Asker: 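Okay, handing you the structure first.
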Amino acid sequence: MGGASVKLLPDQRKNAAQTLGLCGICLFGKFFMKREYVRARQAEGQISATHIIQNPADLGEWIVFFKKSGGRSFFLVDDQDEVESFARLDDLVETIRSLGIKFADIQL
């Protein structure tokens with residue numbers, strides 16, 4: 001994993017963890033999900049699409065976002081609430097496979 005393009009402030013992270021646990025977090029109109037939440041939503045059939053794009057903050061890295069059936073998009077974040085980015089596309093594909101994702105659109 002490489003650097004992150006989005007980071008929550010400590011107070012925001014604490015409040016989100018207390019209020020939402022593992023569920024999606026909304027900050028400044030952007031939504032975020034941790035791996036456990038993605039895995040659970042995928043198992044429930046709530047993920048309607050998966051998109052892999054170049055990280056706008058570092059075009060040498062890749063990030064992923066998921067669309068839920070309600071139309072909202074969520075970025076994958078790590079345990080520090082930072083958007084996960086991957087230097088190798090293969091590593092990202094392996095990660096989303098481990099979350100139960102079988103199809104993804106890759107935007108080059």
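It should be emphasised that the depicted structure is a prediction, and the values quoted were computed from it without experimental measurement. Scope of the values below: all heavy atoms of this structure, side chains included, with no hydrogens, waters or symmetry mates.
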Asker: Is the closest side-chain heavy-atom distance between Phe75 and Ile63 below 4.5 Å?
Answerer: yes

Asker: Would you say the side chain of Leu89 lies within less than 4.5 Å of the side chain of Ile52, judging by non-hydrogen atoms?
Answerer: yes

Asker: Distance from Asn55 atom CG to Phe86 atom CZ, nearest 0.5 Å?
Answerer: 11.0 Å

Asker: Can the positive tip of Arg41 be found less than 6.0 Å from the middle of the six-membered ring of Tyr37, inside 45° of the ring normal?
Answerer: yes

Asker: Out of curiosity, Ser85 OG to Ile53 CD1, how far, rounded to the nearest 0.5 Å?
Answerer: 11.5 Å

Asker: State, yes or no, whether a side-chain contact exists between Ile47 and Ile101 at a heavy-atom distance under 4.5 Å.
Answerer: yes

Asker: Taking the side chain as everything from C-beta on, heavy atoms only, tell me whether Thr50 gets closer than 4.5 Å to Phe103.
Answerer: no

Asker: Looking at CG of Asp58 and CD of Glu61, how far apart are the two atoms once the value is rounded to the nearest 0.5 Å?
Answerer: 4.0 Å

Asker: How long is the span from the CD atom in Glu44 to the CZ atom in Arg39, to the nearest 0.5 Å?
Answerer: 13.0 Å

Asker: State whether the side chain of Gln54 and the backbone N or O of Leu59 hold a donor-acceptor pair below 3.5 Å, judged by distance alone.
Answerer: yes

Asker: Should Phe66 and Val38 count as side-chain neighbours, where that means a heavy-atom distance under 4.5 Å?
Answerer: yes

Asker: Side chain to side chain contact (heavy atoms under 4.5 Å, CB included), that's the test. Do Leu76 and Arg35 meet it? Break it down for me.
Answerer: CA-CA 7 Å; Leu76 181 65; Arg35 290 181 185 205; 3.8 Å; yes

Asker: Do Arg72 and Lys67 have side chains that get closer than 4.5 Å, going by heavy atoms?
Answerer: no

Asker: Check the pair His51 / Ile106 against side chain to side chain contact (heavy atoms under 4.5 Å, CB included), numbers first and verdict last.
Answerer: CA-CA 6 Å; His51 299 279; Ile106 301 172; over 6 Å; no

Asker: When rounded to the nearest 0.5 angstrom, what distance separates CZ in Phe74 from CZ in Phe65?
Answerer: 12.5 Å

Asker: With side chains defined as the heavy atoms from C-beta onward, is the minimum distance between Gln42 and Leu99 less than 4.5 Å?
Answerer: no

Asker: Nearest heavy-atom pair of Phe31 and Ser73: which atoms, and what distance?
Answerer: CB-O, 3.2 Å

Asker: Taking salt bridge (charged side-chain N to carboxylate O under 4.0 Å, His left out) as the definition, give me every residue that meets it alongside Asp90, ordered by chain and number, with sequence neighbours left out.
Answerer: Arg88

Asker: Return the minimal non-hydrogen interatomic distance between Glu84 and Val77, and the atom names on each side.
Answerer: OE2-O, 3.6 Å

Asker: More than 12 heavy atoms of other residues, nucleotides or ligands under 6.0 Å from CD of Gln46: yes or no?
Answerer: yes

